[in-house]
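First the structure, in the form of structure tokens, and then the observations on it.
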Amino acid sequence: MADAKVLVVGAGALGCEFLKNLALMGVASSSKGKLIITDDDVIEKSNLSRQFLFRDWNIGQAKSTVAAAAATAINPNFNVHALQNRVSPETEMVFDDEFWENIDIVINALDNVNARLYVDSRCVYFQKPLLESGTLGTKCNTQVVIPHLTENYGASRDPPEKQAPMCTVHSFPHNIHHCLTWARSEFEGLLEKAPTEANTFLSKPEEYKASMRSSGDAQSRESLERVVECLVTEKCVTFEDCILWARKRFEDYFSNRVRQLIYSFPEDSRTSTGALFWSAPKRFPRPLDFTSQDPSFISFIASAAILRAETYNINIPDWATNPRRLAEVLDRIELPPFQPRQGVKIVTDEKATNLTTPASDESTIIDQLIKSLDNEICNLPPGFQMNPIHFEKDDDANFHMDFITGLANMRARNYGIPEVDKLKAKFIAGRIIPAIATSTALATGLVCLELYKVFAKHGVEKYRNSFANLSLPLFSMAEPVPPKVFKHGNQSWSVWDRWIISENLSLSELLQWFQAKGLKAYSISCGQSMLYNNIFPKHKDRLNRKVLDLAKEISKLEIPPTRHHFDIVVACEDDERNDVDVPLVSICF
Amino acid sequence: MEEVAVEALTEQEAAVYDRQIRVWGVEAQRRLSRAHVLVIGMSNVLTELCKNIVLAGIGSLTLMEDAPSVSTVMNTSFLIPVEQIESDKSFLTECAESLKDFNPMVHVTVEKGSLEEKPDDFLNNFDVVVVGRSLLKYRMHVNSLCRKRGPKIAFLSVDCRGPLGEIFIDLQTHTYVLKAKENVPHSLQNLVYCSLEEAIAARWDRLPKKTTKLFYAMRIMEDFEQSNSRLPGQVTLDDLASVLDTRKRLCESQGMPETLVPDKLLHRLLYAEAREHPPVCAILGGILGQELLKVLSGKGEPLKNFFFFDPMDGKGITEEIPRPDDTPIIMQSAEIEI
């Protein structure tokens, strides 16, 4: 253990507890030992309730660095190094072959499934033991992954989280989660995507217009509409302009759209089967009538206007949240009355994934939009750029959550759904994971016990995966499951195996190699590209080429100088034309 | 959602405690911030406990050194950076200062002197008293003081011997909210606990057959330490023969065969001497911490009344000792094997 080379991925709650335990246990504490901890995140206030190696004065600093320093204070012999990289496909030049080959064991301290899956895939590829754990409130679980002995982490997946259908979120919400999902999406669209799109246009106007013209589809038209809204039709120069914009958004979202919806689908309308259209779970909406005397409306206007102003770098006056001053401006605004129209298409199909309804002549509309942009662009100051806003849930003073809560609650009011306070809104919209120190400590303690077994190279029956719930309390432990074994003829393999061909062979030689195993390789790919598929007659021309050359040419494969192999995925079938799942194949050169 | 608005917390509390408020709610957080905990003794497992409850945001934590024992904590605690081990300040003072850093909103103090010297109502200042490694008679004494002082003082004890751990809880009577489920609404539940003395007095031959052997082994160790004027933890493998004699005597007096407690288990307890295994301290500290938070917040069903951990079988086991007489003897252990 003292000589071990350990990688800890993540320096948050789990990471801090791990470092403390590992330092006390004397892991990586000899001159040969080394522990690398990596995390690209910085310390925030809400971390302090669990991540005890951090202090108030560390806020803003890199988690991995601070954690490593604190752990060294616990045990000066602890040979710990901190990196600030995310472990992902994008950092494979940092975490390269040499890096992985020099690691003995990997400990995950992550907070999301995707990162876990990626690290798991690297551990499978490089045949490294992985200790995995996670917490959710008072619950925690741990899993041991040992090459060839156990299944890997990715072998059993939870079913994906159910997401509400798009039309539910867009037109037919029936609970506050739908309203918050919608609010979050509008926030992003109005305050991040639109300004970003506008900036794309502003930095290269001719190219942008050309690409819009050439694609000429509904999506391009929508992008252009956003840009025109920002720079022409709804352009803001003063804070009063922003208030007007906010007022118009209120009218559009919570009055006009609702009026249109109930015009298209009156309360008593029926579906083609004769059932009431507005039957449960659908809720019949009612429009909101704006008044400057309603504090919740004022609060919505304030946060919307402030954020809009930010995107234009407009100075925010100190009376921006003053209800009286805002009411003065608002009372002077007169908006045209809304007339709902016939024949407006509203998507009701729950399976629809795209809500854009194409117009009859997109290109004409696009041309018109471009014209209006051309007319306006000379009015903008030179070098003008907008300021896109990225949603930050934890800064209470930035008005992000105020705006999202306002959007969601106004919508909830339309549909008669109970409203929520800012705290609960943040929980749902921010997708916050509840977390406490006790279950974190428990999880890491259990993992560290398994660590001893890994170093002792125990058989699979000695390891334990565990699940615990401190609120009950409940502890359940189980032996890890062995990996799924595939068989063909007298061969067997699992996800841990790779077939290694130690010569730089040609495509036809490769096919023969498979033939010798009683398998017909019908499709060969490298990275994202297909090198060979026997249904394409043209591919016969490739048979005499070296597979390596094909990979370099077709997949644009770039092989680091220290690596002397590359991997291909081969699809095979047996004599009875049944598909056989074969391992990854590595060809050495 | 909680009826108590988040505005009831200070801005600092709402920001730091955000993620845990999602678990137990604003009202529970407020109750924690008004709670006063006394911890007697300091060991590695108590260090873990203190870390957890300080991070959770209790109102105050008072540390006392009262029950002499042997421990390796002074050289191995993560609370104290290595270069400060030789400092002039007392060990507890160093611990307190570190704990304050974990959460400046918690009032952490060191109480000097022993319990004997304190006025009669000293314990009234606390909602929970936690006692670490100590002689059984000391623990029973503190437990009876808690009971004498009124029903509102909870008593918890914990000891970690090498990789083996034991937790004991006495809440006298405890009312808690049982969370609503499907067709069953929120309900108030009431638990009645026995004292440590009553628990220890339980006849071994009346306990369920599957009661974990660690319970008996710990009683044998306690008896050995007391009878031989040892400080708790002051044991080595050289004591094996003597400890086996203690086992013989106790088992006979309790009407049980010696095979009740395997040699191997006592061997492991003696081999551990005064050491506490860091991962097991983390596990026990997490469990004990959560139990304490449940007691203070009134939310969630607390453990009743013993908890044991042995990494050898990798299980966490809850035992109720003794069982109430009127209920049938069924498997009480909360461990489930898959």
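Within every chain, numbering begins at 1; the chains are lettered A, B, ... in the order of the sequence lines, protein sequences first and strands thereafter. Worth saying up front: this structure is predicted, and the values here are computed from it rather than measured.
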Chain A: which of [options] shares the most heavy-atom pairs with it under 4.5 Å?
options                               : answer
B/Gly57, B/Ala56, B/Gly286            : B/Gly286
B/Leu288, B/Ile287, B/Leu303, B/Leu49 : B/Ile287
B/Gln290, B/Glu48, B/Gln20            : B/Gln290

So what's closer than 4.5 Å to chain A heavy atoms on [X]: side chain, backbone, both or neither?
X        : answer
B/Glu11  : neither
B/Asn103 : neither
B/Phe309 : side chain

| note | Closest non-hydrogen contact found for B/Cys281 with B/Cys160 is SG-SG, 4.2 Å

| request: Give the minimum heavy-atom separation between A/Glu419 and A/Ala412, together with the two atoms involved. | output: CG-CB, 4.1 Å

Structural part of [X] lying under 4.5 Å from a heavy atom of chain B:
X        : result
A/Asn47  : neither
A/Ser439 : neither
A/Leu24  : both
A/Ile433 : backbone
A/Phe54  : neither
A/Lys20  : side chain
A/Lys139 : neither

| query | Is any side-chain heavy atom of B/Lys264 less than 4.5 Å from a side-chain heavy atom of B/Met312? | reply | yes

| Heavy-atom distance under 4.5 Å between the side chains of B/Val128 and B/Val130, does that happen here? | yes

What residue in [options] has the most heavy-atom pairs under 4.5 Å with chain B?
options                      : result
A/Ala443, A/Pro434, A/Ala437 : A/Pro434
A/Gly137, A/Ala23, A/Ala435  : A/Ala435
A/Cys448, A/Ser46, A/Ala71   : A/Ser46

| When rounded to the nearest 0.5 angstrom, what is the spacing between CD in B/Glu97 and CD1 in B/Ile80? | 9.5 Å

| task | Considering only NZ, NE, NH1 and NH2 on the basic side and carboxylate oxygens on the acidic side, decide whether A/Glu44 and A/Lys393 come within less than 4.0 Å. | result | no

| message | Check A/Asp41 with A/Lys63, please: is the shortest side-chain N to carboxylate O separation under 4.0 Å? | response | yes

| Does a sphere of radius 6.0 Å around CZ in A/Arg431 hold more than 12 heavy atoms from other residues, nucleotides or ligands, not counting ones at 6.0 Å or beyond? | no

| query | Only one of A/Asp394, A/Leu180, A/Val420 clears side chain to side chain contact (heavy atoms under 4.5 Å, CB included) with A/Lys426; which? | reply | A/Asp394

| query | Parallel, tilted or perpendicular: which fits the ring planes of B/Phe102 and B/Phe78, with parallel below 30° and perpendicular above 60°? | reply | parallel

